[in-house]
Structures are given as structure tokens and as C-alpha cells.
Novice: 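Before I ask anything, let me first share the structure, which is written out below as C-alpha cells.
In each ligand, atom 1 is the first atom listed, and ligand 1 is the first ligand listed. Note that these values count all heavy atoms, side chains included, but never hydrogens, waters or copies made by symmetry.
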Amino acid sequence: MNISILGSTGSIGVQTVEVVQNLPNFRIIVLTAHSNYKLLAQQARKLKPQFIAMYDKTAANQLKLELSDLSKIHKFEISAGMDGLLQAASLADVQIVVNGLVGSVGLRPTLAAINAKKEVALANKETLVAGGSLVMQAAKANGVTIRPIDSEHSAIWQCLQASENSGNLVEKSAVKNIILTASGGPFRTWSTEEIAKATVDNALKHPNWNMGAKITVDSATMMNKGLERIEAQFLFDLSYDKVKILVHPQSVIHSMVEFEDGAVLAQMAAPDMKQPIQYALTAPNRPKRPHTALDFWNMSTALTFEPPNFEKFPCLEITEQAAKLTKTTLPAMMNALNELLVADFLNGKIGFYDISNYLKKAFANYKYEQVESLANIDKAEEFAKNFANEFVKG
Ligand code: NDP
Ligand code: MG
């Protein structure tokens, strides 16, 4: 199986490279990044890909210089911009596209992969939040399976595959609820007053997972869980009321499925993204993988559960509103504005609670429409950009 990794220099991308090293039947033939040409060059020397896409054009030129020696002994192409990403997602020799891009920039490459009938292993949740109805329609039309990498969605997929009802038949099956677990992030035990003063460093200290900066801030605001509930609704074709959020600080249970007969299936593993990454590549098979086993006999703390706190984490309430309107452009606008606000927070331009405050303000000013094509989504993202320019930067 030939793999294309979109975002090979990121947290998911680097871990995908590690996973594939243990899978003799898989080969990485496409690498892409935004601008980290140094790491991409190292990966290219090791993996000898056929095709590389560097989103940033200057970085693409720097990469060409960096790899001038390799180009004498190995044939490969370097492309840039969105065109490069689209080619990377649809190259003829590729069978599986791993989408580890961050942000809604991942939407068009996902659609390109689906339209080229590639299997898609999807970490990039923003793709589904922004354009879930287009993506799931295209997947159905092309007979493509979207294989979740996000740990909660992988857990749900694993539970559904383990039950007698196939995940694809979930609407007809006996699924009562999906229970999405959340660690609660670094501020779970902080007071609202303390959270209001949270610094970038505080927000980047996730208790259980080591991830890219954007998703780590989303975990601190709990926006991440709201994005994930929308991701779950699309992936498993579930209505809003069937997805419940549960805080489980130890991140041992990665999510659960409750069935109509009262049974609950949970998927557990030590918190390590390489398990869901490998499963997305090899499902339903489970080849042996070097891992830290869960040691139930010597657990340092009990497994605990608590309801999410909507007052301390207003992004939960905001995403609930969008989750009730998944056929509209509201989730796309929310997602695009959140991306801009998280970047502003990381750059020290706004405070922690400004993220939710600006999102609330934008919701009050935004008229959503039905998603019929990419044009609707582009327009929603344009609204977010203009809103950020006018209110946040101004
Ligand atoms: P990172 O920020 O670590 O990596 C993002 C990758 O995408 C990098 O390779 C980056 O390139 C590339 N990239 C960023 N912007 C662009 C762009 N405009 N065009 C092309 N490439 C771009 O993110 P993560 O790996 O943490 O997250 C990736 C996705 O996976 C996110 O959607 C996240 O929510 C999801 N996810 C991540 C988990 C994790 O454990 N990290 C867990 C579950 C889900 P460069 O290095 O050059 O900037
Ligand atoms: Mg997750």
C-alpha cells in the first residue's frame, strides 16, 4: 500500500512515519508540509518519496536547494501551493492519503483524495467541521471509507466494528448514544478567574497528550471536544442528540458506544496516537506494534468521570449551537474564526476568554446558509476573516 502524508512534518505526520516503519507492506511515497523544509528534507532522504508538496513557495525553493544532492540519485518532483497539495492527495500510485494537516486548508485535498478514489485516513477534523456534508456525500458517491485517526473517533469506529452491527450501518443499528470522552484539558481544575488570566504557556501544557499548538489550545478551551462532536456526527451519520460529551481526566477510555440493549462498549489504550494511526492504516487487522501496555494492576489513579463544565468552557456551548446546524455554514464560519483567534492567542494578541467572546459576537452577527457547494464554505470563511480584521485586529 502506497501512502501520501499531508502534513508529514507535524505531530500526526511524524508519528505516521514512525508507525509505517513497522508495517512492511506499506510505503510512504508522498510527503507534504507548509514551510518546515529542514524536517521535510530529512524525511525525504530517509523515505525517498516520488512527490513532495511544500505549501509555501519560498520554502519549496529552499527545499529544492537542500535536496539537490538527492535529486542526482533519486527521481522526485517538488510542487508548491494548494495545487501541490491537491496533486499530493490524488497521485496515481497512492492508495491511502493520511490527512494530518491542521485547519480547514485540509478540506480541498480531502475532497481531491476522495474524488480520486483514495482511502482517506483523517486526523484533520477541521475538514469535517467545515465541509462534512460535502465530504461524506463525496465519500459515499466514490465508495471511499473515511478512516478516523482522531483517538475518540477511532475508538468509536473500533467499538462499532467490534459489535455485530457494522459502523456503516449505524443508523439502522442499535446504537443509542456515542459517548465522547474528554480529558478536560489543562484548566479542568482551575477557577474561571484563574482561566481568565491563562497564558499561552499554561494553555500549551496538555495533561495527557503531546500535540501541535492549535489542537492543544483547542483542548484548553474545550473547543476541540465541540469540533469532535461535529466530526462524530458526520463520520457516523448521527443526529445531534446521539452524541454526549463526558470528561474522563485519565484519557484511558478513548470513547464509548452505548447500545439500545444497555451494553456499553469502550475502547481503551495508553494515550498514544500511534494506536489509532496504525488502526486507520490496517483496519480491521491489528498487527503487532511496540507500545506501552495499560497496567490495570498498578494504576496510580482510579478511572473517573464528570460532566463537562459549560460555564468555565463557553466554547462547549458555542459548538453545541453549530452542532445543531451541521447542514449549514455555521460550523464552517465558527471553525475558520476559531483558527484565526487561536493564532491571535498564540501570538499574544488576545486573552484566553477572548476566543469564546469573539466567537459569541460573530454568531450574533452571522447569517448562515445551507451548504450546497464549496462556494458557501468559502463565503463563510471570508466572513470569519473580515470579522477578525474588523473586530479583533481593529
Ligand atoms: P501540527 O501543527 O503538529 O502539524 C500540522 C502539519 O500540517 C504540519 O506538517 C504543517 O507543516 C502542515 N500545515 C500547516 N498548515 C498548512 C498549510 N496551510 N498548508 C499545508 N500544510 C500545512 O498539527 P497536528 O499534527 O497536531 O494536528 C494535525 C491535525 O490532526 C489537526 O486537525 C488536529 O486537530 C488533528 N489531531 C491531532 C492530534 C495529535 O495528537 N497531534 C490528535 C487528534 C487529532 P509545517 O510543519 O511546515 O508547518
Ligand atoms: Mg481527539
Novice: Mind checking whether T32 has an N or O less than 3.5 Å away from an N or O of ligand 1?
Specialist: no
Novice: Checking S154 side chain against I149 main chain: does a donor-acceptor pair fall under 3.5 Å?
Specialist: no
Novice: Please verify whether a non-hydrogen atom of G100 lies at under 4.0 Å from ligand 1.
Specialist: yes
Novice: Between ligand 1 and H34, is the shortest N or O to N or O distance under 3.5 Å?
Specialist: yes
Novice: Do side-chain atoms of K360 reach the backbone of P314 as a donor and acceptor pair under 3.5 angstrom?
Specialist: no
Novice: Tell me, which protein residue and heavy-atom name are nearest atom 41 (N) of ligand 1, and how many Å apart are they?
Specialist: S11 OG, 2.9 Å
Novice: Compute the shortest N/O to N/O distance between G212 and ligand 1 and return yes if it is under 3.5 Å, no if not.
Specialist: yes
Novice: With a 4.0 Å cut-off on heavy atoms, is K125 touching ligand 1?
Specialist: yes
Novice: With only distance considered, is Y55 within less than 3.5 Å of ligand 1 through an N or O on each side?
Specialist: no
Novice: Students should be able to answer this: which protein heavy-atom is nearest to atom 29 (C) of ligand 1, and at what distance?
Specialist: L101 O, 3.2 Å
Novice: Could you tell me whether the side chain of H153 and the main chain of E231 form a donor-acceptor pair under 3.5 Å?
Specialist: no
Novice: At a 4.0 Å threshold, what atoms of ligand 1 neighbour a non-hydrogen atom of A123?
Specialist: 30 (O), 32 (O), 35 (C), 36 (N), 44 (C)
Novice: From the options L238, V129, V243, select the one residue that forms a side chain to side chain contact (heavy atoms under 4.5 Å, CB included) with R229.
Specialist: V243
Novice: Need the ligand 1 atom indices (1-based, order shown) with element for anything under 4.0 Å from a heavy-atom of M273.
Specialist: 40 (O), 42 (C), 43 (C)
Novice: Using a 4.0 Å cutoff against the non-hydrogen atoms of N124, which atoms of ligand 1 qualify?
Specialist: 32 (O)
Novice: Where is the nearest protein heavy atom to atom 4 (O) of ligand 1: which residue, which atom, and how far?
Specialist: G10 CA, 3.1 Å
Novice: For Y358, which of L341, D344, N338, L340 qualifies under side chain to side chain contact (heavy atoms under 4.5 Å, CB included)?
Specialist: L341
Novice: Taking R147's backbone N and O only, do any of them form a donor-acceptor pair with T145's side chain (distance below 3.5 Å, no angle check)?
Specialist: no
Novice: So, the side chain of K225 versus the backbone of T181: is there a donor-acceptor pair under 3.5 Å, distance only?
Specialist: yes
Novice: Which of the numbered atoms in ligand 1 are below 4.0 angstrom from a heavy atom of S35?
Specialist: 45 (P), 47 (O)
Novice: When you measure from the side chain of Q95 to the backbone N and O of N2, does any donor-acceptor pair fall under 3.5 Å?
Specialist: yes
Novice: So, does H254 use its side chain to make a donor-acceptor pair with the main chain of A269 at under 3.5 Å?
Specialist: yes
Novice: Can you confirm, on distance only, whether ligand 1 has an N/O atom lying under 3.5 Å from any N/O atom belonging to D150?
Specialist: no
Novice: What is the OE2(E228)-the Mg ion (ligand 2)-OE1(E152) angle, to the nearest 10 degrees?
Specialist: 100°
Novice: So which N/O/S atom does D150 have closest to the Mg ion (ligand 2)?
Specialist: OD1
Novice: Have a look at L122, N36, L6, I12 and point out the one with the heavy atom closest to atom 37 (C) of ligand 1.
Specialist: I12
Novice: Provide the number and element of each atom of ligand 1 under 4.0 Å from a heavy atom of I215.
Specialist: 26 (O), 33 (C), 34 (O), 36 (N), 37 (C), 38 (C), 42 (C), 43 (C), 44 (C)
Novice: Measure up the F352 and F345 rings against each other and bin them: parallel (under 30°), tilted (30 to 60°), perpendicular (over 60°).
Specialist: perpendicular
Novice: Between the side chain of E194 and the main-chain N/O of W190, is any donor-acceptor distance below 3.5 Å?
Specialist: no
Novice: Any idea which atoms of ligand 1 are less than 4.0 Å away from a heavy-atom of E126?
Specialist: 31 (C), 32 (O)
Novice: Please work out which of I5, T9, D272, V102 has its closest non-hydrogen atom nearest to atom 45 (P) of ligand 1.
Specialist: T9
Novice: Test your reading of the model: is there a side-chain donor-acceptor pair from E369 to the backbone of T328, 3.5 Å cut-off?
Specialist: no
Novice: Ring-plane angle category for F391 and F387, please: parallel below 30°, perpendicular beyond 60°, tilted otherwise.
Specialist: tilted
Novice: Looking only at distances, can you tell me whether any N or O atom of G7, backbone or side chain, sits closer than 3.5 Å to an N or O atom of ligand 1?
Specialist: yes
